[in-house]
Amino acid sequence: MEGRNVFETFSPKETHELGRRLGGEAYPGQVICLDGDLGVGKTVFTQGFAQGLGIEGPVNSPTFTILQVYEDGRLPLYHFDVYRIGDPEEMDEIGYEEYFYGEGVCLIEWPSRIEGLVPQEAVRITIEKRPEKGFDYRRITVQ
Ligand code: ADP
Ligand code: MG
């Protein structure tokens, strides 16, 4: 994914589909930061992404676990939700480097909590609402 791409979706299904497409293109060692407010569609996107990797089981927000690992797809998926990280040292305890610099794909929700740890080359995905464009509208920037 070179440069900056903007996508617009008008339903959860379309966001899921975009996630599925990008999951289909995911490569070993890829780190993706997923930004956006609560309820914007990060989990919907992640569920599509997991499907694109061929993961069959249910994928939920790992809000209370920080890291959820899915190994039944084309590549391992490491789904981080670091919202509740208080101190970056907690990431050391998880052994995050093994995942960030491993052979699987990392998807990180709330990356701003651990900004110093995110690899420079990470893909940045931002999901935003635009109330004037309707309740189900989302603007998704990939860069
Ligand atoms: P987050 O993980 O960012 O907190 P969720 O993915 O759990 O958000 O929830 C997003 C909510 O927004 C869902 O209830 C979903 O049905 C709804 N929604 C409405 N329109 C869209 C859209 N275009 N893309 C994604 N989700 C949408
Ligand atoms: Mg979520």
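Each ligand, and each atom within it, is numbered from 1 in the order the structure gives. Along the sequence shown, residues carry numbers from 1.
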Check whether E90 reaches the backbone of D87 with its side chain - one donor and one acceptor, N or O, closer than 3.5 Å. yes
For ligand 1, which is the ligand I care about here, please tell me if T9 has any N or O atom under 3.5 Å from one of the ligand's N or O atoms. yes
Would you check, one step at a time, whether the test side-chain contact (heavy atoms from CB on, under 4.5 Å) holds for E109 with Y83? CA-CA 7 Å; E109 297 194 38; Y83 186 74; over 6 Å; no
With a 4.5 Å heavy-atom cut-off, do L22 and F45 have their side chains touching? yes
Side chain R139, main chain E128, donor-acceptor under 3.5 Å: no
Using modelled atom types and a 3.5 Å cut-off, is there a donor and acceptor pairing between side-chain atoms of D35 and backbone atoms of R124? no
Looking at G134, G41, G48, the heavy atom closest to atom 8 (O) of ligand 1 belongs to G41
Identify, for atom 16 (O) of ligand 1, the protein heavy atom at the shortest distance, and state residue, atom and that distance. P12 CG, 3.3 Å
Any idea which atoms of ligand 1 are less than 4.0 Å away from a heavy-atom of D37? 3 (O)
As an exercise, identify every atom of ligand 1 less than 4.0 angstrom from a heavy atom of D136. 19 (C), 20 (N), 21 (C), 22 (C), 23 (N)
Flag for E8-Y137: side-chain donor and acceptor within less than 3.5 Å: yes
Near L38 (heavy-atom distance under 4.0 Å), the atoms of ligand 1 are 4 (O)
Students should be able to answer this: which protein heavy-atom is nearest to atom 25 (C) of ligand 1, and at what distance? T15 OG1, 3.4 Å
Ligand 1 versus I127, non-hydrogen atoms closer than 4.0 Å: side chain, backbone, both, neither? neither
Distance to 0.1 Å, residue and atom name: give those for the protein heavy atom nearest to atom 4 (O) of ligand 1. G39 N, 2.7 Å
Top protein contact for atom 27 (C) of ligand 1, by heavy-atom distance: R138 NH2, 3.5 Å
Does ligand 1 have an atom under 4.0 Å from some heavy atom of S11? yes
Regarding R21 and E14, does a basic nitrogen lie under 4.0 Å from an acidic carboxylate oxygen? no
When you measure from the Mg ion (ligand 2) to the N, O or S atoms of T46, does any of those distances fall below 2.8 Å? no
Would you find more than 12 non-hydrogen atoms of other residues, nucleotides or ligands less than 6.0 Å from E132 atom CD? yes
Verify whether the ring centers belonging to F100 and F80 lie closer than 6.0 Å. yes
How far is atom 7 (O) of ligand 1 from its nearest protein heavy atom, and which residue and atom name does that atom have? T43 CB, 3.7 Å
Looking only at protein heavy atoms, what sits closest to atom 6 (O) of ligand 1 is V44 N, 3.0 Å
Enclosure of E89 CD (heavy-atom neighbours >12, cutoff 6.0 Å): no
Does some non-hydrogen atom of the protein lie less than 4.0 angstrom from atom 14 (O) of ligand 1? no
